[in-house]
Amino acid sequence: MLGPPIHFQLGVLLTMSKHGSTHDNAIRPFPRDFLWGTATASYQIEGAASVDGRQPSIWDTYSHTPGAVWNDDNGDVACDHYHRAQEDLELLGGLGVGAYRFSVAWPRVQPDGRGPANAKGLDFYRRLVDGLRERAIEPTLTLYHWDLPQAIEDRGGWCLRDTAERFAEYVNLVARALGSDVERWITLNEPWCSAWQGYGSGLHAPGIRDIGKAVAANHHLLLAHGLSVPVLREAVPSAKLGITLNLGDHRPGSSHELDVAAARRADGNLNRLFLDPIFHGRYPEDMVEHYRDARPGLSVVREGDLELISTPLDFLGVNYYFPSTVVDQSRAREARLAGFYVAPVEQFPDLRVRSLETPGRDKTSMDWEIEASGLTALLVRVRDDYTNLPIYITENGAAFDDYVDPNGRVRDLNRIAYLQEHISAVHDAIDAGVNVQGYFVWSLLDNFEWSFGYSRRFGIVWVDFPTGARLPKESYRWYRDTIASNAVEYAASLNSLTPAP
Ligand code: IFM
């Protein structure tokens with residue numbers, strides 16, 4: 001039996017550290033060399049899907065499958081960044097960022113996923129890198145942000161070990177072409193999404209629903225990372241290398257042992273399946289046990305793989321968007337009776353975990369709860385349990401229902417409030433001794449939000465998709481001023497924010 005609603009909320013309330021009143025309106029300076037940036041990804045912005053030798057990726061195939069993506073949207077044109085890169089470089093210059101995180105499309109560089117490089121594809125990224133360096137913006141390059149060449153998927157995709165080897169070969173091509181002009185290299189973006197949404201829930205390309213394959217993909221993605229680190233070290237000795245993980249802060253909805261165990265499973269799948277191999281050279285025992293019968297599952301692990309996966313890095317990239325409060329599936333009904341909204345669809349296909357909505361919390365248009373203290377808690381935990389390496393927040397941001405007002409402006413005050421709270425939460429982590437060295441807003445541009453197509457706008461720059469025209473939002477100006485002052489005001493309330501004249 002459950003207690004009253006307050007029993008359910010206890011786990012949440014005890015761990016929430018909403019900004020305290022002692023800091024109200026204080027200006028909080030960041031360390032002098034703190035790196036401010038913004039991020040994008042190839043398939044979400046580039047368009048030019050069949051230009052200059054690019055061949056289809058799994059996302060081209062998936063988005064052209066009727067019903068797979070909202071409104072049957074696809075990335076054929078997207079923000080047409082491939083043809084408008086100059087304009088986007090100007091936007092970056094005007095923002096004053098110290099770094100720009102972008103990804104290279106594997107099917108542009110190696111259209112078939114094997115063989116020599118496609119020079120025209122590499123030229124595009126060469127021009128981009130040069131344009132960044134001319135503006136003193138450090139390129140931060142992600143080698144894989146989900147656009148696997150379809151030809152590789154046709155041979156088995158991330159379920160096959162060979163894909164990890166192909167990846168290292170592709171990395172070598174990019175590293176040799178762009179070399180020391182790229183400051184920071186990120187091997188993979190959010191391998192959890194590639195493995196678990198791509199092969200587990202099927203909500204992402206290639207749309208497969210098979211837990212055994214998801215586990216194998218999980219391992220082969222990590223192996224791809226591990227195999228590419230020495231390749232990068234050899235090709236670009238000065239490079240700073242890292243991986244970007246989407247990590248979460250999972251709290252049990254109550255102190256009931258089933259809910260505590262559910263939160264642990266969610267944490268195991270999203271966080272520890274990646275952090276443990278990378279930083280401790282082993283898979284977490286509870287997850288090994290959980291996936292014991294999955295086939296091929298972890299039977300694909302070979303001797304020496306974990307040594308490779310745990311090869312030392314120079315930094316960790318952390319993407320954070322929202323916290324989660326979870327209960328065991330068997331207790332979802334009781335949670336509902338206690339007055340909670342329980343999400344009908346679960347983020348984890350096989351964990352018997354259900355997310356609760358915390359009453360009174362605001363949400364973004366992704367339906368993600370807004371709670372910045374989850375970011376601080378997560379960063380402290382990563383430091384305590386895993387590493388003191390420099391951490392970059394390689395993505396953080398929010399989608400809202402933006403619109404261009406009659407004066408031709410996008411007054412996205414809710415996004416400003418979100419960014420302000422989260423940047424402040426990063427400051428809290430630095431105050432707590434966590435080695436956070438930079439922050440990248442997701443995203444520079446409104447773009448193709450995967451299964452949500454163009455229905456969700458994350459940009460600090462509005463994109464009019466029919467024409468491709470760009471319009472900086474109010475948040476662009478706010479972020480520019482934040483970067484210029486290298487400081488954030490502590491949790492000012494939404495109402496006190498007035499747009500610049
Ligand atoms: O748009 C995505 C991005 O590609 C990966 N991280 C989360 C973002 C928002 O969903």
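We count ligands from 1, going down the list as the structure has it; atoms in each ligand are counted the same way. Keep in mind that this is a model prediction, so the values were computed, not measured.
Note that CG of Asp446 and NZ of Lys473 are 3.5 Å apart. Values are rounded to the nearest 0.5 Å.
A salt bridge is defined here as a Lys NZ or Arg NE, NH1 or NH2 lying under 4.0 Å from an Asp or Glu carboxylate O, and Arg457 with Glu449 fails to meet this definition. A salt bridge does not link Lys240 with Asp314: every distance from a Lys NZ or Arg NE/NH1/NH2 to an Asp or Glu carboxylate oxygen is 4.0 Å or more.
Considering backbone and side-chain N/O atoms, Trp146 never comes within less than 3.5 Å of an N/O atom of ligand 1. Considering backbone and side-chain atoms alike, Gln44 places an N or O below 3.5 Å from some N or O of ligand 1. Close N/O approach between Trp450 and ligand 1 is found [any backbone or side-chain N/O within under 3.5 Å].
Of the candidates Asn269, Asn271, Asn218, Asn246, Trp192 forms a side-chain hydrogen bond (donor to acceptor under 3.5 Å, both in side chains) with just one, namely Asn269.
Summary of contacts: the protein heavy atom closest to atom 10 (O) of ligand 1 is Glu449 OE2, 2.6 Å. With hydrogens left out, the protein atom closest to atom 7 (C) of ligand 1 is Glu395 OE1, 3.2 Å, a heavy atom.
Interface atoms of ligand 1 facing Phe458, defined by a heavy-atom separation under 4.0 Å, are 9 (C), 10 (O). Listed by atom number, the atoms of ligand 1 under 4.0 Å from His145 heavy atoms are 3 (C), 4 (O), 5 (C). Listed by atom number, the atoms of ligand 1 under 4.0 Å from Glu190 heavy atoms are 5 (C), 6 (N), 7 (C).
Cation-pi geometry between Arg108 and Tyr82 is satisfied (NZ or CZ under 6.0 Å from the ring centre, within 45° of the ring normal).
The shortest distance between side-chain heavy atoms of Arg101 and Thr142 falls below 4.5 Å.
A 6.0 Å sphere centred on CZ of Arg209 holds no more than 12 heavy atoms belonging to other residues, nucleotides or ligands.
Here Trp368 has side-chain heavy atoms under 4.0 Å from ligand 1, and that is the only part of it that gets that close.
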